[in-house]
2 protein chains.
Amino acid sequence: MAMIEKLRQALYRKETVILIAKCSIFYEGRASSKLSEGERIIIIKEDGAVIVHRPFGYEPVNYQPPGSIVTIEDDRGIIKLNILRPRIHEKMVIEIKELKHFYSSRLEDQAEFQMWGDEEDLKQAIILDPAGMLGEELQLVGSEFSLGSAGYADIVFRDINGNLVVVEVKKKTADVSAVYQLKRYVDKIRKEGGSNVSIRAILVAPRFTQSALVALKREGLEYREVSLQHARKILKQKRSLPSFFTS
Amino acid sequence: MAMIEKLRQALYRKETVILIAKCSIFYEGRASSKLSEGERIIIIKEDGAVIVHRPFGYEPVNYQPPGSIVTIEDDRGIIKLNILRPRIHEKMVIEIKELKHFYSSRLEDQAEFQMWGDEEDLKQAIILDPAGMLGEELQLVGSEFSLGSAGYADIVFRDINGNLVVVEVKKKTADVSAVYQLKRYVDKIRKEGGSNVSIRAILVAPRFTQSALVALKREGLEYREVSLQHARKILKQKRSLPSFFTS
DNA sequence: CGTGCCAGGTGCCAT
DNA sequence: ATGGCACTTGGCACG
């Protein structure tokens, strides 16, 4: 059977398709790109995602996200894949000069992907044990605290003297933009609450850039250096309690 | 020949390898993840990049970047791929329960990837024709203007009245953080230059969030809405001049 | 949908 | 290496 027919049937049956092909690629949409002839890996997934990889590098050189519409065209021996995203007028065209390999099948994968050790975990450790993580007793006021146009404060506490304490958490190096992110929240709360509320702000991260430290000082904000390992230890302790206590 | 030998030889010859396999995946490094059994696409590139795709979605579910070290282990019928990044102690383990498909070969791809229509192009259009893009005559002072701890200003102009004009360009919707990015630059220049320099600041983008507009007004900064198409037209005109004029 | 923000972000380029 | 920043960023949560 002609290759192009096999390809059509595979797509029709919503199989995952993998091609190794000498091809050229054109993209036009939010930006434009062109890639002349070379051998690449083309993945067409069951959900319409199309991903093209060169034989090197982590990132795909061209792609279209799930939901794209793939059509095939035979232009005098050259197979043309047109991948369309109608909503936003994006188009990728793959011109296949030579097909080195073809594979297609339906893949069975229902498993759940679990990930931990991200910023959310660090935040939880701080909420569960403020004293252990930040060195002082703090009472939780709220987290993912909505501040309207200013965004969301990671955590808001009240300290032993009744001050509001706004906390912004970074999982890795906190830079100057993190400082200004925090300052935005403080300004907003100060403005909303009037001058009678006393506010502190703490940037929490395992590391800080030099300019972040300078900006923190200039803006009168505090910071705490925390270790991710320490956070992990605290989470483990707290979470290993009977569910009666944790939930 | 045993599959594991074929795999070893392919890796030894630095071929690109593609596996379709029922497998489980474990990752431990900056974060940790676990993915139980399912059918996936595994790409091992010639430069040591390893990328695992599920049959849906744009992003790989697990990966290691180029330069990773891949070793193979036969654990009583289960092929174990250990992918290591020694420098930062990152490890991914793929346990292959069943190999549905194997492909390997050396891929030839020397082509250069060309992209345009990104932020850099928008910036160039503004530099080449400030009047056409921003509606006023401006004289270029510098671009990627280093401001020490405050970062880099996209473009700095001088206007007809001798004011410095700091320009921050966004290719898509400019949000409140873009406003503060620009404000950082202004504050820095003002501080360095003393109170005698008069500074204007313009945020340039095709779209602005509501809160960005509010923040701009509050901070006394200007903005210009520009069309990417217009920028493209200007670039085309200016660049089609003889190279004698453009270079 | 837009807005805000994290990501095992990655990649590029500067000092 | 660290730092500052864009990315066809993608992805999620929330109003």
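Just so it is clear, the values below take in all heavy atoms, side chains as well, and ignore hydrogens, waters and symmetry mates. Note on naming: letters A, B, ... go to the chains in the order of the sequence lines (proteins, then strands), and numbering restarts at 1 for each one. Bear in mind that the values here come from a model prediction, so they are computed numbers and not experimental data.
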**Study point:** Given DNA chain C, 5'-ward residue of the pair B:Y27 and B:F208, judged by closest heavy atom
**Key:** B:F208
Check your understanding: Hey, does A:V61 reach any base, or is it just sugar-phosphate, or nothing, if we go heavy atoms under 4.0 Å?
Key -> base
Practice item. Give a yes or no on whether a donor-acceptor pair under 3.5 Å exists between the nucleobase atoms of C:dG8, that is its base, and the side chain of A:D118. Key: no
Practice item. Determine whether the aromatic ring centres of A:Y223 and A:F208 lie less than 6.0 Å apart. Key: yes
Check your understanding: Mind checking the C1' distance from D:dG11 to D:dC7? Whole angstroms is fine.
Key -> 14 Å
**Study point:** Closest approach of A:K97 to A:S24 (non-hydrogen atoms, all atoms of both residues)
**Key:** NZ-OG, 3.0 Å
Exercise for review: Could you tell me whether the phosphate oxygens of D:dC5, OP1 or OP2, come under 4.0 Å of any side-chain nitrogen or oxygen in B:Y185?
Suggested key: yes
Practice item. Kindly say if A:Q181 contacts the phosphate of C:dC6, meaning a side-chain N or O under 4.0 Å from OP1 or OP2. Key: yes
Review point. Base, sugar-phosphate alone, or nothing: which one does A:G29 contact when heavy atoms must sit under 4.0 Å apart?
Key: nothing
Check your understanding: Between atom CZ in A:F113 and atom P in D:dG11, what is the gap in whole Å?
Key -> 13 Å
Can you tabulate the close N/O pairs, meaning under 3.5 Å, that link protein atoms to atoms of nucleotides 12-15 of chain D?
none

Check your understanding: Please give, in whole Å, the distance from D:dT8 P to B:Q114 CD?
Key -> 15 Å
Practice item. Would you kindly give the CD-to-C1' distance between B:E168 and D:dG4, to the nearest whole Å? Key: 11 Å
Check your understanding: How is B:Q210 classified with respect to the nucleic acid when contacts are heavy atoms under 4.0 Å: base, sugar-phosphate, or nothing?
Key -> sugar-phosphate
Exercise for review: Please report, rounded to the nearest Å, how far the C1' atom of C:dC5 is from the NZ atom of A:K123.
Suggested key: 9 Å
Practice item. Could you grab the distance from atom CZ of A:R207 to atom CG of A:L228, nearest 0.5 Å is fine? Key: 12.0 Å
Check your understanding: In whole Å, what is the span from the CZ atom of B:R87 to the P atom of D:dA1?
Key -> 9 Å
Exercise for review: Using the closest heavy atom to pick a nucleotide of DNA chain D for each, name whichever of B:A153 or A:P60 lands nearer the 5' end.
Suggested key: B:A153
Check your understanding: Rounding to a whole Å, what distance do you find between B:F145:CZ and C:dC13:C1'?
Key -> 18 Å
**Study point:** For atom CH2 of A:W116 and atom P of C:dA7, their distance in whole Å
**Key:** 16 Å
Practice item. Indicate whether OP1 or OP2 belonging to C:dG4 is found under 4.0 Å from a side-chain N or O atom of B:T209. Key: yes
Between protein and nucleic acid, restricted to nucleotides 10-12 of chain C and to nitrogen or oxygen atoms under 3.5 Å apart, what atom pairs and distances do you find?
residue	atom	partner	partner atom	Å
C:dT10	OP1	B:R30	NH2	3.2
C:dT10	OP1	B:Y63	OH	3.2
C:dT10	OP2	B:R30	NH1	3.0

Study note, to complete from the structure: On a heavy-atom basis, the closest approach of B:Q110 and A:R54 is C-NH2, 4.0 Å
Practice item. Measure the CE-CD1 distance between B:M133 and B:I202 for me, rounded to the nearest 0.5 Å. Key: 12.0 Å
**Study point:** Criterion side chain to side chain contact (heavy atoms under 4.5 Å, CB included) against B:L19, the qualifying member of B:L81, B:I41, B:V52, B:I94
**Key:** B:L81
Point to revise | Side-chain N,O (A:R207) to OP1/OP2 (D:dG3) below 4.0 Å | key: yes
Check your understanding: Base, sugar-phosphate, or nothing: which does A:S32 touch, judged by heavy atoms less than 4.0 Å apart?
Key -> nothing
Review point. C:dG4 and C:dG8: how far apart are their P atoms, nearest whole angstrom?
Key: 22 Å
Review point. Between CD1 of A:I155 and CD of A:E168, what distance do you get to the nearest 0.5 Å?
Key: 9.0 Å
Practice item. Indicate the atoms forming the closest heavy-atom contact of B:C23 with B:I96, along with that distance. Key: CB-CA, 4.1 Å
**Study point:** Selection from C:dC6, D:dA6, D:dG4 that lies nearest to any side-chain heavy atom of A:S211
**Key:** D:dG4
**Study point:** Shortest non-hydrogen contact between B:Y180 and B:E219, atoms and distance
**Key:** OH-OE2, 3.7 Å
Cut-off 3.5 Å, no hydrogens considered: what does the side-chain donor-acceptor table look like for residues 61-72 of chain A, sequence neighbours left out?
residue	atom	partner	partner atom	Å
A:N62	ND2	A:S33	OG	3.1
A:S68	OG	A:P65	O	2.6

Practice item. May I ask you to verify if any side-chain N or O of B:K171 is less than 4.0 angstrom from the OP1 or OP2 atom of D:dT9? Key: yes
Review point. Is there a side-chain polar atom (N or O) of A:T173 under 4.0 Å from OP1 or OP2 of D:dT2?
Key: no
Point to revise | Position toward the 5' end of DNA chain D (nearest nucleotide), A:D175 or B:E120 | key: A:D175
Practice item. Provide the distance between the two C1' atoms, one in D:dG4 and one in D:dT8, to the nearest whole Å. Key: 22 Å
Review point. Is there a side-chain polar atom (N or O) of B:K170 under 4.0 Å from OP1 or OP2 of D:dC5?
Key: no
Study note, to complete from the structure: Rounded to the nearest 0.5 Å, the CD atom of A:E95 sits from the CD1 atom of A:I25 at a distance of 10.5 Å
Practice item. Give B:E28 one of three labels, base, sugar-phosphate or nothing, depending on what nucleic acid heavy atoms sit under 4.0 Å from its own. Key: nothing
**Study point:** Shortest non-hydrogen contact from B:R218 toward A:K191
**Key:** NH1-NZ, 4.3 Å
Exercise for review: Give the rounded distance in Å between these two atoms: CE of B:M115 and P of D:dT8.
Suggested key: 3 Å
